[in-house]
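Please read the structure below before turning to the comments.
Throughout, protein chains are lettered first and strands after them, A, B, ... in sequence-line order, and every chain is numbered starting at 1.
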Amino acid sequence: MKMRRSPFNSIREHLINHANPGRFLWGTAAQVHLSDVLTGTYSDGRAPDLCGKSVLLATQDQAAAALALIELDGIARRIIVCPPDLAAAHFPAVIARGEADAIVSDYDVPFAHDLLRVSSVAGIAGGAAGQDRPLQRTEWVLLTSGTTGAPKMIVHTLASLTAPIDANQEPGRVWGTFYDIRRYGGLQIFLRALLGGGSLVLSSAGEPVSDHLGRLAARGVTHLSGTPSQWRRVLMSPAARLISPAYIRLSGEIADQSILDALRSFYPDSRIGHAFASTEAGVAFEVNDGLTGFPASFIGSRGEVEIGIRHGSLIIRSGRAASHYLDAESGPLKDQEGFVDTGDIVDVRGERCYFLGRRNGVINVGGLKVYPEEVEAVINRHPAVRMCMVVGRKNTLMGALVAADVVVTDAAVGVPNEILAICRQSLPVHKVPATIRCVTALEIASAGKMVRHYA
Amino acid sequence: MSIKETILSEIERIRLAGRAKDLPGLTDDLVLLDSGLDSLGIAVLVTRLEDSLGIDPFDDSEFASPPVTLGDFVRLYENAAQSV
């Protein structure tokens, strides 16, 4: 397949060529003029030290990550973009597989003391940012949940990440995202804002929804993106009335008809679209007719994206896809023809395709993937657990929640609470089961495996 | 236990498991998202209430007028229980 040449060599080069004034990156603590990014530095002028390095980017503050991405792209050999909730236990594997030799961070990251360390802050100071640095094509490595708990490491380039982005946007857009920019969906919004001539409002960890909405309103947000679950949360906030974005975007989960209708009635003047994307396959398509699912006419070749259905699951081929996994056990990312199998089961009914769920049992909790096996491994640590099965349980607010059926040796009253305590210690909060049910047996198939009922 | 008592005790259980401090009292006009439950916590609440009360009013609502305050939330369940 022919790869389209990307119009973007590096974020920095693009900003130099489009240095129109009045563009900002707003965090909770700092406001950064985007033109200052070109002459100043977030890193105390130490960016040149990071030339050619494989850099682990692990910050608590989202705006600090944004500034580091701008400075690192084009000079680092590789940026390993850590999501904010990456568990401490995963850092050794991520550092080893990513061959990290430097770290940019705003806190004391565990297991990273051997790396060249550059502190990052959510602001810009004057001083050399290394304008005459040699330019190189930086690998962007994104992390998503893996079956065993160790994250999958997915390799993109600025070219694949920006392939879905139209650089010729009308200027003056103010973007906002409820989805963190260190995950694929949020990163798309970050890049759209930077490369499309706009500004961006970012939240920080723990910021209440009402405060975030208040800041979005104060900055006059025009383009706002989040998962369906995040939009449901917005509608439950009294501050939802403060904003009136021209464009509302949903991605990361199935957008059902009820959330599309609720947004339509709450924001009657907004254009509302939902996108289908995955970290591996990239953005496949956007649906703007206000209806759930997507037109069956999308199947086939449209522009640079080819979409098909194989064994019931959506497959996608385009220059927007990642190139490969860094970790060997994740297997090949594409098949021999270059298609990425998304694992999302679709059903064609007449002129429309609908999403039914995931083939491999992955649970999508508000846009975050959970592999049942990872949660089961944690539950099985409790000495009274003989076996367990983790399943997704449908939930109107978050799409799905994690639920566990557990067979215990003695159904002591306290066991479910003890299991929950172990899960809370070892797992991010969205992976902790919402309910634990003690059952007497679980179905075992003749091959000796538990019977799982998937979509 | 009444529906309201069931809801309040379930909220307390979820809050207890979280790490939030300075939790506000559970009054009718308390904004649900300010209760110490984030959206995941509210989703967990809805799932547990489905098990204990046998109803999920969100299941067939169009989500057109989502509950904002604790009072709204309790009313949603009381109304759903009457129509069962």
Side-chain angles (χ1 to χ4, degrees), chain A residues 178 206-213 226-241 256-266 365-368 370 392-403 416-417 420-421 423-425 428-437, chain B residues 6-7 9-24 27-77 80:
Chain A
F178 298 113
E207 184 181 25
V209 191
S210 53
D211 293 7
H212 188 192
L213 287 167
T227 65
S229 294
Q230 287 164 334
W231 279 109
R232 287 183 202 107
R233 183 183 61 181
V234 167
L235 294 181
M236 292 176 74
S237 169
R241 275 179 208 92
D256 61 26
Q257 197 59 50
S258 71
I259 184 60
L260 292 170
D261 290 349
L263 286 168
R264 162 67 43 243
S265 90
F266 201 90
V365 180
L368 301 173
V370 181
R393 182 162 166 180
K394 199 169 176 298
N395 181 277
T396 312
L397 300 176
M398 297 296 286
L401 289 178
V402 174
N417 280 334
L420 278 178
C423 290
R424 283 194 200 102
Q425 273 169 18
V429 63
H430 66 278
K431 295 182 181 175
V432 174
T435 56
I436 291 189
R437 198 167 58 139
Chain B
T6 307
I7 291 172
S9 78
E10 200 55 71
I11 290 176
E12 290 292 7
R13 263 188 67 199
I14 296 171
R15 296 210 298 187
L16 213 60
R19 268 160 247 145
K21 291 176 212 127
D22 301 326
L23 294 169
T27 55
D28 275 359
D29 58 354
L30 176 69
V31 171
L32 212 50
L33 285 167
D34 295 339
S35 66
L37 267 58
D38 57 7
S39 53
L40 182 62
I42 295 171
V44 170
L45 174 67
V46 169
T47 297
R48 294 202 181 149
L49 289 173
E50 187 187 356
D51 289 349
S52 54
L53 299 172
I55 43 175
D56 178 3
F58 291 93
D59 196 30
D60 48 23
S61 94
E62 293 292 301
F63 208 81
S65 52
V68 172
T69 65
L70 180 56
D72 297 342
F73 187 82
V74 171
R75 259 190 305 283
L76 192 66
Y77 275 85

| At a heavy-atom separation under 4.5 Å, does Pro208(A) approach chain B through its side chain, its backbone, both, or neither? | neither

| field | Which portion of Ile42(B) sits near chain A, non-hydrogen atoms under 4.5 angstrom | value | both

| task | Could you tell me the separation between the CG atom of Asn395(A) and the CD atom of Glu50(B), rounded to the nearest 0.5 Å? | result | 8.5 Å

| task | Take Met398(A) and Ser39(B) through the side chain to side chain contact (heavy atoms under 4.5 Å, CB included) test and state the conclusion after the steps. | result | CA-CA 8 Å; Met398(A) 297 296 286; Ser39(B) 53; 4.1 Å; yes

| message | Check this for me: Arg264(A), atom CZ, are more than 12 non-hydrogen atoms of other residues, nucleotides or ligands nearer than 6.0 Å? | response | yes

| Does any heavy atom of chain A fall under 4.5 Å from the side chain of Val68(B), the backbone, both, or neither of them? | both

| Quick one: of Ala434(A), Gly206(A), Ser237(A), who has the most non-hydrogen atom pairs under 4.5 Å with chain B? | Ala434(A)

| remark: CE of Met236(A) to CG of Leu32(B), rounded to nearest 0.5 Å, is 4.5 Å

| message | According to salt bridge (charged side-chain N to carboxylate O under 4.0 Å, His left out), does anything in residues 35-49 of chain B pair up with another residue at least two apart or in another chain? List the pairs. | response | Glu10(B)-Arg48(B)

| Going through the distances and angles, do Leu40(B) and Leu401(A) end up as a side chain to side chain contact (heavy atoms under 4.5 Å, CB included)? | CA-CA 9 Å; Leu40(B) 182 62; Leu401(A) 289 178; 3.6 Å; yes

| Segment of Val429(A) engaging chain B (4.5 angstrom heavy-atom cut-off) | both

| Between Leu263(A) and chain B, which part of the residue has a heavy atom less than 4.5 Å away: side chain, backbone, both or neither? | neither

| said: Check this for me: does any side-chain nitrogen of one of Lys394(A) and Asp56(B) sit under 4.0 Å from a carboxylate oxygen of the other? | reply: no

| task | Please examine the side chains of Val46(B) and Leu397(A), heavy atoms only from C-beta on, and report whether any two atoms are closer than 4.5 Å. | result | yes

